[in-house]
Amino acid sequence: MNPKVINKDLILREKLAIERTVMANDRTFLSFVRTALYFAIAGISINEVLQLQYGLALEVVFWVLSAFTITVGLIKYVQQKKRIEQHRKNIGNYQLDWESDDLI
């Protein structure tokens with residue numbers, strides 16, 4: 001068996017898996033952003049729509065929830081992005097090996 005032979009399908013599947021993981025990470029971050037925006041909109045509108053005795057306090061609670069959600073989402077996004085980049089290094093760049101395999 002030739003040690004220089006590289007399974008191109010395996011490398012392609014791993015690269016595609018990482019790309020899917022990157023897109024999933026982006027979707028998850030966008031979900032955090034969407035949820036934070038919902039909390040912010042609730043904070044803006046709760047005091048305007050409902051005339052509550054503690055409307056201002058409820059508005060502040062929604063704004064704090066919004067800020068907390070976006071902060072957690074951003075932290076998780078950055079952490080996961082670093083992990084993905086570490087795993088991407090493990091795949092390596094086999095383009096030169098692929099080109100040399102075609103000549104064998």
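All values below come from the heavy atoms of this structure, side chains included, with hydrogens, waters and symmetry mates left out. What you are looking at is a predicted structure, and each value in this text was computed from that prediction instead of being measured.
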Between [X] and [Y], what is the shortest heavy-atom contact and its length?
X: G55; Y: I46; answer: O-CG2, 4.2 Å
X: E59; Y: N47; answer: OE1-CB, 3.2 Å
X: G73; Y: F32; answer: CA-CG, 3.4 Å

Query raised in the report: With a 4.5 Å heavy-atom cut-off, do N25 and T21 have their side chains touching?
Result: no

Requested in this report: Without swapping roles, check the side chain of S66 against the backbone of F62 for a donor-acceptor pair under 3.5 Å.
Outcome: no

Return the [atom1] to [atom2] distance between [X] and [Y], rounded to the nearest 0.5 Å.
X: L74; Y: T69; atom1: CG; atom2: OG1; value: 12.5 Å
X: H87; Y: I18; atom1: NE2; atom2: CD1; value: 8.0 Å
X: E14; Y: E19; atom1: CD; atom2: CD; value: 13.0 Å
X: L37; Y: I70; atom1: CG; atom2: CD1; value: 7.0 Å

Verify same cluster id: [X], [Y] (apolar side-chain graph, 4.5 Å):
X: V61; Y: V49; result: yes
X: V33; Y: V78; result: yes
X: L30; Y: F39; result: no
X: L56; Y: Y54; result: no

Query raised in the report: Under 3.5 Å, is there a donor-acceptor pair between the Q80 and R83 side chains?
Result: yes

Query - ILVMFWY cluster membership beyond V60 - transitive side-chain contacts under 4.5 angstrom - result: V64

**Report entry** ring pair (Phe, Tyr, Trp, His ring centres under 6.0 Å) partners for F29, two or more places apart
**Finding:** Y77

